[in-house]
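Scroll down for the structure; my scribbles are underneath it.
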There are 2 protein chains.
Amino acid sequence: MNIGDVSRRSGLPAKTIRYYEDIGLVTPQRSENGYRAFRDSDLHKLAFLGRARTLGFSIEDCRTLMALYEDGERESAQVKAVAQQHLDEIDAKIAQLESMRDTLAHLVHCCAGDSRPDCPILSDLAAG
Amino acid sequence: MNIGDVSRRSGLPAKTIRYYEDIGLVTPQRSENGYRAFRDSDLHKLAFLGRARTLGFSIEDCRTLMALYEDGERESAQVKAVAQQHLDEIDAKIAQLESMRDTLAHLVHCCAGDSRPDCPILSDLAAG
DNA sequence: CATAAGGGTTCCAGTCACGGGAAGGTCAAG
DNA sequence: CTTGACCTTCCCGTGACTGGAACCCTTATG
């Protein structure tokens with residue numbers, strides 16, 4: 001498989017796949033013409049990575065998860081710990097965004113949004 | 001005021017204040033010794049920027065909001081439009097994170113987290 | 001046979017909003 | 001005179017790519 005095929009099948013842009021090779025997440029072989037030659041196992045890995053990234057795991061987390069996936073001796077507790085920590089971070093991020101949203105929604109609600117200059121949004125930003 | 005004073009009063013790191021000068025958000029004067037000399041109006045601007053950033057506005061949005069704030073001829077509709085768009089983006093981000101959280105929470109819940117290798121988290125990532 | 005299209009390759013620069021750290025100038029106190 | 005707390009500029013690094021330039025390989029067509 002060339003990179004285009006793998007890109008279509010995994011849903012990852014070719015650029016991303018090259019980047020993943022750069023940082024050592026996949027190591028495709030090379031054809032005589034210099035093209036990357038992906039095996040099924042490479043495609044499988046890339047699909048795995050794509051799904052992990054979709055769940056918001058960092059590249060380093062993905063590296064860890066891949067290593068655990070390939071390690072028959074792993075303990076599921078290790079995987080769960082990584083996932084739980086990520087979950088906590090997501091919860092924190094959501095809480096932060098919701099706080100922003102609440103403040104902002106209130107301000108937007110209070111702003112007339114007409115042709116006059118008076119604006120509670122700017123007043124709030126100016127005054128704290 | 002030197003940058004340290006402004007930093008303490010605005011809550012912004014000195015590094016950030018220098019960066020804001022770099023990109024033209026504030027233009028403090030200079031003392032004879034080369035130190036930045038901030039006026040009250042500069043401090044006020046920086047506090048404004050700090051609060052806007054706290055609400056998650058991008059630097060470019062902040063630039064726009066500052067310009068509107070300083071424009072006596074502004075229409076509140078312009079401000080509201082910027083804020084509403086940002087609010088929409090926040091809502092989208094929250095929705096995305098919640099989707100991640102739901103999937104992830106389910107997987108974490110299903111994972112035994114013990115010393116055995118079987119793990120539904122890895123199975124899900126591997127199989128889609 | 002020339003060429004054009006549609007692959008592939010490398011490498012460099014840019015993104016966003018700063019933060020870290022080096023190398024050095026300035027100022028008030030002891 | 002030295003110490004220490006300031007301040008200055010400059011350059012590199014962050015995360016996870018994305019865009020683009022300049023170039024090579026393969027296949028089909030006039």
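Side-chain atoms of B/Ile59 lie closest to C/dA17 of the nucleotides D/dT8, C/dG8, C/dA17. In this structure, the nucleotide among D/dC25, C/dA17, C/dG8 sitting nearest to the side chain of B/Ser58 is C/dA17. Which of C/dG8, D/dT9, C/dC18 sits closest to the side chain of B/Tyr19 comes down to C/dC18.
Rounded to whole Å, the distance from CG on B/Asn2 to P on C/dA28 is 10 Å. A straight line from CD1 of A/Ile23 to P of D/dC17 spans 8 Å, rounded to a whole angstrom. The distance from atom CG of A/Asp22 to atom C1' of D/dT18 is 14 Å, rounded to the nearest whole Å. Between the CG atom of B/Leu25 and the C1' atom of C/dC18 there is a distance of 13 Å, rounded to whole Å. Whole-Å rounding puts the A/Ile17 CD1 to D/dA16 C1' distance at 15 Å. In this entry the distance linking CG of B/Asp5 with P of D/dC6 reads 10 Å, nearest Å. Put simply, CD on B/Glu21 is 15 Å from P on C/dC18, counting in whole angstrom units. In this entry the distance linking CZ of B/Arg30 with P of C/dG25 reads 17 Å, nearest Å.
Nucleic acid contact for B/Ile3: sugar-phosphate only, since backbone atoms but no base atoms lie under 4.0 Å from a heavy atom of the residue. Using a 4.0 Å heavy-atom criterion, one finds that B/Tyr20 contacts the sugar-phosphate atoms exclusively.
Below the 3.5 angstrom threshold, one finds a donor paired with an acceptor across the side chain of B/Tyr35 and the base of C/dG25.
Rounding to the nearest 0.5 Å gives a distance of 9.5 Å between CG of B/Asp61 and CZ of B/Arg53. Put simply, OG1 on A/Thr16 and CG on A/Asp22 are 11.5 Å apart, with the number rounded to the nearest 0.5 Å. Interatomic distance, CD1 of A/Ile94 versus OG of A/Ser99, reported as 13.5 Å (0.5 Å rounding).
Comment: B/Glu21 does not engage B/Lys15 in a salt bridge, judged by the lack of any side-chain N to carboxylate O separation of less than 4.0 angstrom. Between B/Lys45 and B/Asp42 there is no salt bridge, since none of the side-chain N atoms of the basic residue sits less than 4.0 Å from a carboxylate O of the acidic one. Electrostatic pairing of B/Arg116 and A/Glu73 does not count as a salt bridge here, judged by no charged N lying under 4.0 Å from a carboxylate O.
The only member of B/Arg101, B/Met100, B/Gln96 that meets side-chain contact (heavy atoms from CB on, under 4.5 Å) when paired with B/Glu98 is B/Arg101. Each of B/Ile17, B/Leu12, B/Leu46 was evaluated against B/Ser7; a single residue qualifies, B/Ile17, per the side-chain contact (heavy atoms from CB on, under 4.5 Å) test.
For the helix from C/dC1-D/dG30 to C/dG30-D/dC1, the terminal axes (five pairs an end, C1' atoms, rotation from four pairs onto the next four) enclose an angle of 40°, given to 10 degrees.
Remark: the A/Asp114 side chain and the B/Ser76 side chain contain an N/O donor-acceptor pair separated by less than 3.5 Å.
The hydrophobic clustering, which links ILVMFWY residues whose side-chain heavy atoms are closer than 4.5 Å, places B/Tyr19 and B/Tyr35 apart. A/Leu97 and B/Leu104 fall within a single hydrophobic cluster, where Ile, Leu, Val, Met, Phe, Trp and Tyr are joined by side-chain heavy atoms under 4.5 Å apart, directly or via other members.
Within residues 86-101 of chain A, no residue has any heavy atom under 4.0 Å from DNA chain C.
Phosphate proximity of D/dC7 to B/Arg36: absent, as no side-chain N or O sits under 4.0 Å from OP1 or OP2. In this structure, B/Arg18 does not reach the C/dA17 phosphate: none of its side-chain N or O atoms is under 4.0 Å from OP1 or OP2. Distances shorter than 4.0 Å separate none of the side-chain N or O atoms of B/Asn33 from OP1 or OP2 on D/dT8.
Heavy-atom nearest nucleotides on DNA chain D were determined for A/Phe57 and for B/Phe38, and the one closer to the 5' end corresponds to B/Phe38. In terms of position on DNA chain C, the residue among B/Arg53 and A/Ala37 whose nearest nucleotide sits closer to the 5' end is A/Ala37.
Of all non-hydrogen atoms in A/Val6 and A/Met1, the two that sit nearest each other are CG2-CB, 3.8 Å.
In this structure, B/Ser31 contributes its side chain and B/Gly34 its backbone to no donor-acceptor pair below 3.5 Å.
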Pairs under 3.5 Å (N/O, protein and nucleotides 19-23 of chain C):
{"unit_1": "C/dG19", "atom_1": "OP2", "unit_2": "B/Thr16", "atom_2": "OG1", "d": "3.0"}
{"unit_1": "C/dG20", "atom_1": "N7", "unit_2": "B/Lys15", "atom_2": "NZ", "d": "3.1"}
{"unit_1": "C/dG20", "atom_1": "O6", "unit_2": "B/Lys15", "atom_2": "NZ", "d": "2.7"}
{"unit_1": "C/dG21", "atom_1": "O6", "unit_2": "B/Lys15", "atom_2": "NZ", "d": "2.3"}

